[in-house]
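Because the structure is a prediction, the values reported are computed rather than measured. Here is how names work: the chains are called A, B, and so on, in the same order as the sequence lines, proteins then strands, and each is numbered from 1. Note that these values count all heavy atoms, side chains included, but never hydrogens, waters or copies made by symmetry.
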Amino acid sequence: MITAVKGTQDTLFPEIGRWQRVEAVAREVFHRYGFTEIRTPILEPTELFVRGIGDETDIVNKEMYTFADRKGRSVTMRPENTAGVARAFVEHRLHESPLHSRLFYMGPQFRYERPQKGRLRQFHQIGAEVLGDAAPGTDAETIGMLVEFLQKAGVVGIEVVLNSVGCPACRPVFVALLKDALAPRAGELCGDCRRRLETNPLRVLDCKVPSCQPILDAAPAIADHLCEACAEHHAGVKRILAGMAVSFSERARLVRGLDYYTRTVFEVTSSALGSQDALLGGGRYDGLLEEIGGPAMAGFGWALGMERLLMVVPPAPSGRLPWTYAAWAGEAAYERTLALARHLRREGHVVVMEHAPRSFKSSLKRADRMNVKWVLIVGEEEVASQTYTLKDLDTGEQEALSEASLGARLREKTP
RNA sequence: GUGAGCGUAGCUCAGUUGGCAGAGCUCCGGACUGUGGCUCCGGUUGUCGCGGGUUCAACCCCCGUCGCUCACCCCA
């Protein structure tokens with residue numbers, strides 16, 4: 001048997017309905033904030049991610065779906081979408097178009113990892129990016145939009161955590177300070193931390209090993225060591241968020257895994273998710289556009305994991321589909337049923353019929369299993385009398401209706 | 001990449017000390033020849049993940065391998 005590629009999934013009705021509802025809510029909310037949709041290619045030059053995300057990050061080091069095309073060029077299935085959006089922004093000179101400075105996207109992303117709960121090789125993200133506005137209000141408004149979206153999607157029990165990772169001016173100063181502060185107790189840290197202390201000291205703060213916690217809690221907080229401009233920005237973001245009544249908490253040890261972040265970083269987590277509890281992450285990336293050959297323009301954005309979001313969105317309501325199954329028996333009835341179905345569909349109703357002959361018993365059984373609400377029964381008697389039997393599968397009640405009155409009756413009965 | 005737990009019918013699973021592969025649900029048919037669900041009766045369904053080994057005999061023990069799941073790492 002041929003099976004789906006490891007870490008990929010098929011999404012079927014009715015589960016697909018939950019995706020479509022979430023996507024519709026996202027489009028509606030983002031639209032009201034003046035965001036327009038962008039669809040970038042799944043395949044991008046590998047170089048884009050190496051330069052954008054950073055060649056020292058885990059994503060680029062070991063998680064990319066990278067291969068050579070037929071001409072030997074290295075291409076990569078996008079592991080995230082911010083770099084692709086930034087590339088498109090630069091390529092199409094969108095910095096000259098104020099209309100295109102607020103963009104959102106939704107689509108599949110790929111990372112070559114061992115799948116587990118809440119983590120797939122093909123996963124899906126919804127994200128938003130604001131390009132070219134460096135002011136703290138951008139961070140706050142975009143987070144506010146996100147929270148509005150999550151609330152409308154029905155998500156409960158989430159927490160927004162916020163931090164600042166500084167900029168190229170103040171971060172190296174803090175990193176040196178952090179290394180000095182941790183050095184005396186380095187022997188007490190776990191092996192990973194001792195290694196990261198050399199390769200990427202900021203990531204030490206993110207360690208989850210219990211024995212490391214007291215040491216890291218005592219370490220200096222980057223928010224206390226920002227340069228004047230970064231400190232002012234950070235204070236501005238918090239002030240405006242508070243003014244918008246968006247609740248958040250600060251987490252001094254929040255850092256993120258992509259190199260392009262500057263200043264604001266944030267996450268939304270949910271305790272309902274299990275081990276992979278990050279529902280969403282984002283932040284400011286003021287150096288990214290320039291890094292990939294564009295203008296020196298600011299950027300801010302976030303991306304949420306669709307599969308993880310769906311784990312905390314209430315399930316779809318159960319109950320019968322407001323559809324009609326047209327059951328028929330006999331040649332004359334078949335012709336009549338085709339016409340009735342056409343008529344009802346033109347009036348906006350969902351009508352499904354099957355074309356191979358079967359008994360009414362079998363038809364009723366299939367309609368029941370299909371979970372539809374109504375069955376339209378068309379047999380010899382109905383053809384002769386020109387009145388058709390409409391059966392409600394919830395109540396079992398039947399009524400005789402003319403072709404002209406069927407559509408209106410269905411509309412009345414639709415919940 | 002590392003570790004652990006699982007792979008038996010379409011689904012959920014049982015399978016004794018190594019001795020004829022099972023149950024429930026589903027599906028198909030009938031009771032009810034034009035009516036689903038509930039009930040009753042009957043029936044279909046297997047590469048026991050795959051390959052090798054041990055044995056008179058392997059779903060069961062051993063080795064390898066693939067897949068799924070969870071966790072680590074990291075992240076959405």
Side-chain angles (χ1 to χ4, degrees), chain A residues 1-9 53 56-64 78-82 105-127 146 190-193 195-196 200 203 206-209 254-258 261 265-270 273-282 301-312 320 325 327-330 333 357-384 388-398:
Chain A
M1 185 172 46
I2 298 172
T3 58
V5 169
K6 186 189 188 81
T8 69
Q9 287 183 340
I53 300 172
E56 293 302 313
T57 60
D58 281 353
I59 290 178
V60 171
N61 263 331
K62 54 182 198 184
E63 296 171 5
M64 293 207 302
R78 62 186 186 200
E80 52 94 54
N81 218 331
T82 298
Y105 58 82
M106 41 187 74
Q109 317 292 336
F110 303 82
R111 291 183 199 174
Y112 194 91
E113 302 181 89
R114 279 279 269 278
Q116 66 186 71
K117 187 177 176 64
R119 185 165 71 197
L120 294 160
R121 287 188 174 177
Q122 176 176 338
F123 62 105
H124 298 77
Q125 288 187 327
I126 296 178
L146 161 67
C190 70
D192 282 337
C193 281
R195 181 172 45 77
R196 287 196 207 105
N200 194 346
R203 300 307 303 278
D206 205 31
C207 181
K208 280 129 194 153
V209 174
L254 176 64
V255 295
R256 297 192 46 76
L258 284 63
Y261 286 115
V265 293
F266 76 104
E267 280 184 4
V268 176
T269 58
S270 167
L273 286 178
S275 174
Q276 311 300 322
D277 68 348
L279 181 63
L280 168 161
W302 51 259
L304 81 79
M306 191 68 176
E307 286 84 358
R308 292 185 188 178
L309 178 70
L310 289 171
M311 290 165 90
V312 295
R320 292 189 181 275
Y325 181 104
W328 57 273
R358 58 176 66 247
S359 68
F360 280 116
K361 182 185 184 68
S362 170
S363 293
L364 266 290
K365 197 165 186 166
R366 291 175 68 85
D368 183 41
R369 286 191 47 227
M370 207 179 275
N371 202 31
V372 306
K373 185 157 173 58
W374 301 291
V375 178
L376 178 65
I377 296 169
V378 185
E380 285 176 23
E381 294 170 20
E382 283 82 1
V383 173
Y388 307 95
T389 305
L390 184 67
K391 175 162 185 155
D392 184 319
L393 289 184
D394 277 325
T395 63
E397 288 166 6
Q398 300 190 174

Out of [options], whichever nucleotide has its closest atom nearest the side chain of [X]:
{"X": "Ile377(A)", "options": "A76(B), G36(B), G34(B)", "value": "G34(B)"}
{"X": "Lys6(A)", "options": "U35(B), C68(B), A76(B)", "value": "C68(B)"}
{"X": "Lys62(A)", "options": "A76(B), C73(B), U35(B)", "value": "C73(B)"}

[atom1] of [X] versus [atom2] of [N]: gap in Å, rounded?
{"X": "Gln122(A)", "N": "A76(B)", "atom1": "CD", "atom2": "C1'", "value": "13 Å"}
{"X": "Glu267(A)", "N": "A76(B)", "atom1": "CD", "atom2": "C1'", "value": "10 Å"}
{"X": "Asn81(A)", "N": "A76(B)", "atom1": "CG", "atom2": "P", "value": "13 Å"}
{"X": "Glu80(A)", "N": "A76(B)", "atom1": "CD", "atom2": "P", "value": "8 Å"}
{"X": "Phe360(A)", "N": "U35(B)", "atom1": "CZ", "atom2": "P", "value": "9 Å"}
{"X": "Glu63(A)", "N": "C73(B)", "atom1": "CD", "atom2": "C1'", "value": "9 Å"}
{"X": "Trp374(A)", "N": "U35(B)", "atom1": "CH2", "atom2": "C1'", "value": "18 Å"}
{"X": "Arg366(A)", "N": "U26(B)", "atom1": "CZ", "atom2": "P", "value": "16 Å"}

Taking [X] for the side chain and [Y] for the main chain, is one N or O donor matched with an acceptor at less than 3.5 Å?
{"X": "Glu267(A)", "Y": "Leu279(A)", "result": "no"}
{"X": "Arg121(A)", "Y": "Glu113(A)", "result": "yes"}
{"X": "Arg308(A)", "Y": "Gly118(A)", "result": "yes"}
{"X": "Arg114(A)", "Y": "Gly7(A)", "result": "no"}
{"X": "Arg320(A)", "Y": "Asn371(A)", "result": "no"}

Quiz question: going by heavy-atom distance under 3.5 Å, is there a donor-acceptor pair between the base of [N] and the side chain of [X]?
{"X": "Arg119(A)", "N": "A76(B)", "result": "no"}
{"X": "Glu113(A)", "N": "A76(B)", "result": "yes"}
{"X": "Glu382(A)", "N": "G34(B)", "result": "yes"}
{"X": "Lys391(A)", "N": "U35(B)", "result": "yes"}

Which part of the nucleic acid does [X] contact within heavy-atom distance under 4.0 Å: base, sugar-phosphate only, or nothing?
{"X": "Gly127(A)", "result": "nothing"}
{"X": "Arg320(A)", "result": "base"}
{"X": "Leu393(A)", "result": "base"}
{"X": "Leu309(A)", "result": "nothing"}
{"X": "Arg114(A)", "result": "base"}

Leu120(A) side, atom CG; Phe110(A) side, atom CZ - distance, nearest 0.5 Å
11.0 Å

How far does the [atom1] atom of [N] sit from the matching atom of [M], given to the nearest Å?
{"N": "G1(B)", "M": "A57(B)", "atom1": "C1'", "result": "42 Å"}
{"N": "U45(B)", "M": "C28(B)", "atom1": "C1'", "result": "11 Å"}
{"N": "U33(B)", "M": "G46(B)", "atom1": "C1'", "result": "36 Å"}
{"N": "G7(B)", "M": "C61(B)", "atom1": "P", "result": "11 Å"}
{"N": "G29(B)", "M": "G36(B)", "atom1": "P", "result": "12 Å"}
{"N": "G49(B)", "M": "G67(B)", "atom1": "P", "result": "16 Å"}
{"N": "U17(B)", "M": "C73(B)", "atom1": "P", "result": "40 Å"}
{"N": "C20(B)", "M": "C60(B)", "atom1": "C1'", "result": "16 Å"}

Under 3.5 Å on both distances, the Watson-Crick or G-U partner of [N]:
{"N": "G36(B)", "value": "none"}
{"N": "C20(B)", "value": "none"}
{"N": "G1(B)", "value": "C72(B)"}
{"N": "U54(B)", "value": "none"}
{"N": "G7(B)", "value": "C66(B)"}

According to a strict under-4.0 Å criterion, is [X] in side-chain N/O contact with OP1 or OP2 of [N]?
{"X": "Lys365(A)", "N": "U35(B)", "result": "no"}
{"X": "Arg369(A)", "N": "C27(B)", "result": "yes"}
{"X": "Gln116(A)", "N": "A71(B)", "result": "yes"}
{"X": "Lys117(A)", "N": "A71(B)", "result": "no"}

Of Glu397(A) and Gly281(A), the one whose closest nucleotide on RNA chain B sits nearer the 5' end is Glu397(A)

For RNA chain B, whose closest nucleotide is more 5', that of Glu380(A) or that of Tyr112(A)?
Tyr112(A)

Among Gln9(A), Met106(A), Glu307(A), Gln109(A), the one residue meeting side-chain contact (heavy atoms from CB on, under 4.5 Å) with His124(A)
Glu307(A)

Determine whether more than 12 heavy atoms belonging to other residues, nucleotides or ligands lie under 6.0 Å from atom OH of Tyr112(A).
no

